[in-house]
Amino acid sequence: MQAGFGPRLGRSFYARPAQVVARDLLGRVIQHGDCAGRIVETEAYLGTGDLAAHSARGLTPRTRILFGPPGYAYVYFIYGLHECLNIVAEPEGVAGCVLIRALEPLAGIETMRERRKKEDLRSLTSGPGKLTQAFGITRAHYGADLTSGELLVRRGTQEPFQVDATPRIGIRRDTDLPLRFLIRGSPFVS
DNA sequence: AGTTCGATCGCCT
DNA sequence: GGCGATCGAACTG
């Protein structure tokens, strides 16, 4: 079942501008344990000149991973409740990442229902806090290497789809930039 | 050491 | 559509 989603993406995939990686991650498959989901919504956070990005104020203990090599997980805790999963992009030395905002559940759906305590397929992974809960991703995954560990992204299938770009959700600065990407018509977006 | 406020969710109306 | 929950990172003094 695992190999059915294609080969694991390697380091070079992530070593590109954050908005390019965010767009290219659509349609790929995130896997963790027995859970797998197709990425249907992402947001790019740029290292320089992006006031909405956590890296905008420079290197701190929390943001240090964003300045390192790409292909690692940046997981942070927000609003006292939720974990959010980001993937570090850009070459080493340049900050930047992609927030995974929504998935289409593909495998491990019963596990997701148990973790979420919800039955409806649409409510399992249609939001950044929901999908981390459904997949069992926490701050313990901060710094995890997606190119070698049990949390990974696979290439996915090549079904064609159209992409919409909109402003990012829930931010207060740089609100006009069209850095949110989603698969047009997907019922699983946030 | 104290304060502010956020890349959200779910429940209420 | 609005709001309360609840924690910690980061900034101020």
Side-chain angles (χ1 to χ4, degrees), chain A residues 14 17-26 28 30 35 37 39-68 70-90 94-105 112-144 146 151 153 163-183 186-190:
Chain A
Y14 304 104
Q19 62 270 46
V20 173
V21 177
R23 163 66 182 81
D24 203 2
L25 276 171
L26 293 178
R28 313 294 181 181
I30 289 193
C35 293
I39 300 174
V40 298
E41 180 180 345
T42 61
E43 282 179 0
Y45 287 87
L46 315 181
T48 54
D50 180 1
L51 296 176
H54 290 171
S55 54
R57 310 206 196 207
L59 201 155
T60 68
R62 185 176 64 150
T63 62
R64 70 173 173 76
I65 194 77
L66 296 173
F67 294 84
Y72 291 84
Y74 168 49
V75 184
Y76 64 87
F77 190 58
I78 190 75
Y79 297 124
L81 296 168
H82 307 290
E83 321 266 355
C84 290
L85 170 65
N86 299 248
I87 301 176
V88 177
E90 309 273 357
V94 181
C97 65
V98 176
L99 171 66
I100 308 301
R101 283 196 58 87
L103 306 173
E104 174 182 346
M112 297 183 203
R113 287 194 168 119
E114 290 169 16
R115 289 185 177 132
R116 291 275 299 132
K117 303 193 188 331
K118 300 273 180 192
E119 288 301 312
D120 178 26
L121 199 60
R122 280 182 161 75
S123 68
L124 295 179
T125 55
S126 57
K130 298 178 189 179
L131 70 92
T132 52
Q133 185 183 31
F135 273 59
I137 295 168
T138 70
R139 281 161 288 173
H141 294 89
Y142 181 97
L146 301 190
L151 175 61
V153 183
V163 175
D164 287 330
T166 79
R168 294 170 292 183
I169 305 293
I171 56 170
R172 301 194 143 206
R173 292 174 291 193
D174 278 342
T175 54
D176 292 338
L177 303 176
L179 292 176
R180 172 177 177 247
F181 302 95
L182 52 105
I183 291 182
S186 171
F188 298 98
V189 299
S190 66

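Labels below follow one simple rule: chain letters A, B, ... track the order of the sequence lines, proteins then strands, and each chain is numbered from 1.
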Checklist entry - Using a heavy-atom cut-off of 4.0 Å to chain A, what are the terminal contacting nucleotides of DNA chain B, in 5' to 3' order? => result B:dG6 to B:dC11
Next on the checklist: Let me check I have this right: for DNA chain B, each base becomes ., (, ), [, ] or |, based on Watson-Crick or G-U pairs with both distances under 3.5 Å. What is the full string?
Outcome noted: ||||||.|||||.
Checklist entry - Does A:Arg62 put a side-chain nitrogen or oxygen below 4.0 Å from OP1 or OP2 of C:dG8? => result no
Item to check | Under-4.0 Å side-chain N/O to phosphate OP1/OP2 contact, A:Thr60 with C:dA9 | outcome: no
Checklist entry - To the nearest 0.5 Å, how far apart are CD1 in A:Ile169 and CG in A:Leu99? => result 10.5 Å
Checklist entry - Roughly how far apart are A:Glu43 CD and A:Cys97 SG, rounded to 0.5 Å? => result 10.0 Å
Checklist entry - When we call it a touch if two heavy atoms are under 4.0 Å apart, what does A:Arg116 touch: a base, just sugar-phosphate, or nothing? => result sugar-phosphate
Checklist entry - Counting any heavy atom closer than 4.0 Å, what does A:Tyr79 reach on the DNA or RNA strands: base, sugar-phosphate only, or nothing? => result base
Checklist outcome for this item: Contacts of A:Arg180 meeting salt bridge (Lys or Arg N to Asp or Glu O under 4.0 Å) (sequence neighbours excluded), chain-then-number -> A:Glu41
Next on the checklist: Please enumerate all residues that pass salt bridge (Lys or Arg N to Asp or Glu O under 4.0 Å) together with A:Arg62, with sequence neighbours excluded.
Outcome noted: none
Distance in angstrom units between [X] [atom1] and [N] [atom2], rounded:
X	N	atom1	atom2	answer
A:Leu59	C:dA9	CG	C1'	14 Å
A:Leu66	C:dA10	CG	C1'	15 Å
A:Tyr76	C:dA10	OH	P	13 Å

Next on the checklist: Can you work out whether A:Phe77 or A:Arg57 has the more 5'-proximal nearest nucleotide on DNA chain C?
Outcome noted: A:Phe77
Item to check | Test item: side-chain donor near acceptor, A:Gln133 and A:Arg116, under 3.5 Å | outcome: yes
Checklist entry - Is the side chain of A:Thr132 donor-acceptor paired with the backbone N or O of A:Gly129 at a distance under 3.5 Å, no angle test? => result yes
Item to check | Partners passing side-chain contact (heavy atoms from CB on, under 4.5 Å) against A:Ala22 (at least two apart in sequence or in another chain) | outcome: A:Thr42, A:Ala44, A:Val98, A:Phe181
Checklist entry - Of the non-hydrogen atoms in A:Pro167 and A:Asp176, which two are nearest, and what is the gap between them? => result CG-O, 4.4 Å
Item to check | Contact list for DNA chain B against residues 49-56 of chain A - heavy-atom distance below 4.0 Å | outcome: A:Ala52, A:His54
Checklist entry - A:Leu46 and A:Asp174: side-chain contact (heavy atoms from CB on, under 4.5 Å), yes or no, with the steps? => result CA-CA 11 Å; A:Leu46 315 181; A:Asp174 278 342; over 6 Å; no
Checklist entry - Could you go step by step and tell me if A:Leu121 and A:Phe188 meet the side-chain contact (heavy atoms from CB on, under 4.5 Å) rule? => result CA-CA 9 Å; A:Leu121 199 60; A:Phe188 298 98; 4.1 Å; yes
Checklist outcome for this item: 5'-most contact on DNA chain B (nearest-nucleotide basis), A:Gly129 vs A:Gly80, goes to A:Gly80
Checklist entry - Just wondering, do A:Asp120 and A:Arg122 contact through their side chains at under 4.5 Å, heavy atoms? => result yes
Checklist entry - If we take the P atom in both C:dT6 and B:dG2, what is their distance in whole Å? => result 22 Å
